[in-house]
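No hydrogens, no waters, no symmetry mates; every other heavy atom, side chains included, goes into these values. Predicted, not measured: the structure shown is a model, and the values here were computed from it. One is the number of the first residue; the rest follow in order along the sequence.
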Amino acid sequence: MTDSVVPARLLAVFLLVGTALLGAGSVMHPVLTGAGVGSADLRVIAATPGWRLMHLLMLTGSALVMTGVWVRLGGASEDARAALVGALALVCIGMTLNAFDILLMARSGTRMAALFAAGRTDMAPIFDAVHGFGLMAARFGNGLIALGALVLGIVEWRDAAQPRWLAWLAWIAAAGGLVGVLCFDESSRLVLGAVALLCGWEVATALRVLLRPVALTR
């Protein structure tokens with residue numbers, strides 16, 4: 001097996017597993033108001049089994065995706081490489097900001113919910129401030145992901161070796177992400193449209209690498 005196959009397939013596995021972990025955590029995540037009602041949100045967090053574990057899994061998934069997306073550089077032409085690096089860097093920076101909100105909820109959210117349940121009602125306004133900051137970071141991050149997806153779509157469209165539907169998957173993430181960021185309050189789940197919709201491109205890209213015939217050498 002050629003030396004380049006193993007790293008590419010490993011990155012593809014990272015991308016696929018990371019997308020699955022991030023998606024599963026998002027589906028299981030309860031809806032928080034994020035609208036200045038910290039006491040209600042803290043009650044939801046305190047009553048949610050595995051809240052911290054859920055967010056740790058989402059953080060793991062984010063890290064795996066940010067590592068795995070670079071599998072797309074494999075086989076890219078010199079002309080496309082610069083644009084791909086820029087697009088993937090935007091996606092990774094955006095996912096880092098999105099993950100910042102997740103880690104705040106994994107640590108601070110868990111701790112403040114426990115204190116609130118123990119009678120520390122003063123945690124509610126503190127939680128509102130912390131959560132609001134995290135939501136705004138995630139909003140900005142999703143905007144960056146949407147812009148990265150827009151450039152990804154252009155690169156996919158111009159690459160004759162790639163199917164055109166990969167470009168459309170990236171553009172759907174870009175369009176949905178920009179609409180979510182520009183038209184909805186950060187307390188809405190729709191503001192996270194970019195990171196959610198880009199899963200289609202991520203899964204397709206990972207599977208194309210994993211299902212590609214392995215070149216053998218003597």
Side-chain angles (χ1 to χ4, degrees), residues 1-27 55-100 102-103 138 141-178 192-217:
M1 187 160 53
T2 60
D3 293 338
S4 62
V5 172
V6 174
R9 288 179 177 266
L10 181 60
L11 288 177
V13 170
F14 284 174
L15 184 55
L16 201 58
V17 174
T19 302
L21 289 176
L22 191 55
S26 300
V27 169
H55 285 76
L56 291 177
L57 290 176
M58 292 170 69
L59 284 173
T60 302
S62 298
L64 288 172
V65 168
M66 286 187 281
T67 305
V69 289
W70 297 96
V71 72
R72 180 60 186 86
L73 285 180
S77 65
E78 287 298 322
D79 292 338
R81 187 171 290 269
L84 271 175
V85 169
L88 295 176
L90 275 176
V91 169
C92 288
I93 294 170
M95 291 201 70
T96 300
L97 291 171
N98 188 74
F100 178 72
I102 299 173
L103 69 87
N142 274 263
L144 293 180
I145 294 171
L147 292 176
L150 177 64
V151 178
L152 272 178
I154 295 172
V155 174
E156 300 286 30
W157 187 267
R158 291 181 175 179
D159 191 341
Q162 298 289 94
R164 290 293 177 88
W165 52 264
L166 271 178
W168 285 110
L169 287 177
W171 282 334
I172 288 171
L178 288 174
L192 305 176
V195 71
L197 293 172
L198 193 61
C199 289
W201 178 88
E202 292 164 2
V203 170
T205 298
L207 289 178
R208 277 174 55 78
V209 172
L210 291 174
L211 298 177
R212 190 165 54 204
V214 178
L216 299 177
T217 58

- Message: How close do Ala12 and Ala206 get, counting heavy atoms only, and between which atoms?
- Response: O-CB, 3.4 Å

- Task: Considering non-hydrogen atoms only, spot the tightest contact between Leu166 and Ala204 and give its length.
- Result: CD2-CB, 3.7 Å

- Message: Once rounded to the nearest 0.5 Å, what's the spacing between atom CZ of Arg164 and atom CG of Asp159?
- Response: 10.0 Å

- Message: Within a 6.0 Å radius of atom CZ on Arg81, are there more than 12 heavy atoms belonging to other residues, nucleotides or ligands?
- Response: yes

- Does a side-chain heavy-atom distance below 4.5 Å link Leu103 with His55? no

- Query: Is Val203 close to Leu16 at the side-chain level, that is, under 4.5 Å between some pair of heavy atoms?
  - Reply: yes

- Task: Rounded to the nearest 0.5 Å, what's the gap from CG on Leu84 to CG on Leu152? Could you check?
- Result: 6.5 Å

- Query: Rounded to the nearest 0.5 Å, what separation is found between the SG atom of Cys92 and the CG atom of Leu97?
  - Reply: 11.5 Å

- Where do Ala80 and Val155 come nearest, in terms of heavy atoms and distance? CB-CG1, 4.0 Å

- CE on Met95 to CG on Asn142, rounded to 0.5 Å: 9.0 Å

- From the options Val91, Ile93, Thr96, select the one residue that forms a side-chain contact (heavy atoms from CB on, under 4.5 Å) with Leu144. Ile93

- Closest non-hydrogen atom pair, Ala138 against Asn98: CB-OD1, 3.7 Å

- In this structure, which one of Val17, Thr60, Leu64, Ile102 forms a side-chain contact (heavy atoms from CB on, under 4.5 Å) with Leu22? Ile102

- Item | Closest non-hydrogen atom pair, Ala174 against Ala146 | CB-O, 3.3 Å

- Where is the tightest heavy-atom contact between Ser26 and Met58, given as atom of each residue plus distance? OG-CE, 3.8 Å

- Task: State the OG1-CD distance between Thr205 and Glu156, to the nearest 0.5 angstrom.
- Result: 6.0 Å

- Message: Does atom CH2 (Trp157) have a neighbourhood of more than 12 heavy atoms from anything else shown, all under 6.0 Å?
- Response: yes

- Message: Rounded at 0.5 Å granularity, tell me how far CG in Leu73 sits from CG in Leu11.
- Response: 9.5 Å

- Show your working on side-chain contact (heavy atoms from CB on, under 4.5 Å) between Ile154 and Trp171 and close with a plain yes or no. CA-CA 8 Å; Ile154 295 172; Trp171 282 334; 4.1 Å; yes

